[in-house]
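Notes to accompany the following structure.
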Amino acid sequence: MNNIKIFSGSSNRPLAEKICEYLKIPLGEAILKTFSDGEVNFQILENVRGAEVFVVQSTSYEVNFHFMELLIMVDAFKRASVNSITAVIPYYGYARQDRKDRPRVPISARLVANLLETSGVSRVLTMDLHAPQIQGFFSIPVDNLYALPVLISYFNSINLKKPVVISPDAGGVERARMMAGHLSADLAIVYKRRTGPNVSESISIIGDVENKDVIILDDIVDTAGTLIQTVNLLIKHRASRIWAAFTHAVLSGEAVKRIDNSPIEKAIITDTINVNKDKKLGERMQVLSVSQLFGEAIKRIYEQSSVSSLFQ
């Protein structure tokens with residue numbers, strides 16, 4: 001592992017440190033600061049010529065700043081003559097804008113892919129893309145990991161009564177089906193109608209949740225509006241206890257307050273986003289780390305061995 005170098009942007013340094021701890025290598029030395037007008041300044045403080053570089057940076061809040069920071073870091077490594085640059089993006093921002101669903105709108109997820117390739121990224125390592133087809137926007141390799149092994153391990157450790165895994169929309173059915181299979185649980189789906197950005201209306205549940213323990217599974221929790229609507233719908237259908245599980249805790253606006261004031265037993269999230277950076281988590285929220293999954297993926301990419309088993 002002598003030729004591997006891991007560097008971190010400012011969005012999620014704790015995750016990068018945990019990845020380095022798993023791999024038993026030091027985090028790369030660099031200066032990353034911001035000028036008074038908001039410009040990003042970056043300098044590498046060690047020799048990286050010919051190295052295999054992995055840059056850990058989630059494009060979480062503030063999305064545009066962190067994305068620009070990533071591009072500037074990648075440019076610095078390219079000019080320092082590294083052998084390859086893998087952008088480790090635990091949370092891929094703009095993934096919800098993956099198609100033209102209305103007239104005269106951009107496909108922002110494709111634009112982000114183009115910018116990453118142009119900057120000099122050799123490979124992308126991410127987790128739970130909102131739309132898996134985004135991998136096709138790239139002409140470079142993309143590895144899309146799943147947080148399910150971490151989430152499944154947690155729910156296997158607690159005593160669930162007649163468990164049901166529910167997808168809050170049709171797009172997450174396959175993810176919910178995979179978890180249900182590992183937990184020997186039933187599957188249910190919420191039918192909802194989206195009326196605008198961050199605005200949707202839960203209408204009905206397809207499946208039986210009466211007197212059962214329910215896990216609401218999704219990739220992103222943003223404003224938590226859809227989550228609370230789903231919880232209210234489950235209560236109406238006489239669900240016994242309710243958990244929520246999410247990979248990416250965006251938690252914008254009043255999301256934390258909404259979850260704390262809800263009847264959810266626990267909201268389980270992962271550390272793809274550094275929620276402790278500028279948000280105070282509520283009592284009902286618990287963070288699980290995906291650092292070992294990313295660490296193992298980085299190791300296998302470096303050793304040119306199979307990463308596919310991590311997708312199962």
Side-chain angles (χ1 to χ4, degrees), residues 1-13 15-32 40-60 66-95 109-129 132 134-146 272 290-311:
M1 303 285 286
N2 291 336
N3 204 36
I4 188 173
K5 303 282 186 181
I6 297 179
F7 290 82
S8 176
S10 66
S11 69
N12 201 342
R13 188 179 177 91
L15 177 60
E17 291 172 346
K18 289 177 184 176
I19 292 171
C20 288
E21 184 180 342
Y22 174 80
L23 294 173
K24 296 180 172 59
I25 60 175
L27 189 63
E29 295 183 15
I31 295 174
L32 183 60
V40 175
N41 180 251
F42 178 69
Q43 182 185 7
I44 308 159
L45 298 180
E46 59 183 276
N47 180 27
V48 292
R49 185 177 295 272
E52 310 289 338
V53 170
F54 294 80
V55 184
V56 181
Q57 178 81 323
S58 272
T59 52
S60 50
H66 287 139
F67 181 65
M68 190 65 192
E69 195 177 77
L70 174 60
L71 296 180
I72 288 172
M73 292 176 71
V74 168
D75 185 71
F77 288 116
K78 181 175 67 174
R79 295 176 188 279
S81 302
V82 302
N83 186 52
S84 69
I85 306 168
T86 299
V88 183
I89 311 174
Y91 171 61
Y92 186 100
Y94 289 100
R110 174 60 190 267
L111 175 61
V112 169
N114 290 343
L115 291 170
L116 287 169
E117 288 195 46
T118 302
S119 69
V121 170
S122 314
R123 187 184 199 103
V124 171
L125 176 61
T126 186
M127 177 168 278
D128 279 346
L129 279 172
I134 290 173
Q135 296 171 84
F137 293 167
F138 291 87
S139 58
I140 57 175
V142 177
D143 293 309
N144 180 31
L145 301 179
Y146 300 115
T272 58
V290 290
S291 57
Q292 291 190 16
L293 281 172
F294 276 105
E296 188 62 29
I298 288 171
K299 179 182 177 183
R300 295 186 187 193
I301 290 170
Y302 175 72
E303 294 176 344
Q304 298 185 6
S305 59
S306 174
V307 184
S308 60
S309 62
L310 298 177
F311 301 154

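Fair warning: this is a prediction, and the values are worked out from it, not measured in the lab.
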Taking every non-hydrogen atom, the tightest pair across [X] and [Y]:
X	Y	value
S291	I19	O-CG1, 3.8 Å
L115	L71	O-CD2, 3.8 Å
D143	R123	OD2-NE, 2.9 Å
L129	Q135	CD1-CG, 3.8 Å
V112	Y92	CG1-OH, 3.4 Å
A16	L27	CB-CD1, 4.0 Å

Side-chain touch [X]/[Y], heavy atoms, less than 4.5 angstrom:
X	Y	result
V82	K5	no
F67	L116	yes
V290	P90	no
L145	F294	yes
F138	V124	yes

Q) Do other residues, nucleotides or ligands put more than 12 heavy atoms under 6.0 Å from E303 CD? A)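 Check passes, neighbour count above 12.
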Q: Taking atom NZ of K299 as the centre, report whether more than 12 heavy atoms of other residues, nucleotides or ligands fall under 6.0 Å from it.
A: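 Atom NZ in K299 is not packed in, count stays at 12 or less.
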Verify, without hydrogens or angle tests, whether [X] (side chain) and [Y] (backbone) share a donor-acceptor contact under 3.5 angstrom.
X	Y	result
T126	I89	yes
S119	D75	no
N3	G50	yes
E46	G28	no
E117	N114	no
N83	A51	no
E69	S10	yes
S58	T272	yes
R300	S305	no
Q292	Y22	no

With rounding to the nearest 0.5 Å, note down the distance linking [atom1] in [X] to [atom2] in [Y].
X	Y	atom1	atom2	answer
L70	T59	CG	OG1	8.0 Å
N12	H66	CG	NE2	9.0 Å
I31	F42	CD1	CZ	9.5 Å
I6	I298	CD1	CD1	4.5 Å
E296	I301	CD	CD1	10.5 Å

Q.
Within the 3.5 Å criterion, strictly below it, is a donor on E17 or S8 matched to an acceptor on the partner's side chain?
A.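 No.
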**Q.** Aromatic centroids of F77 and F7 separated by under 6.0 Å
**A.**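 Centroid distance F7-F77: below 6.0 Å, so yes.
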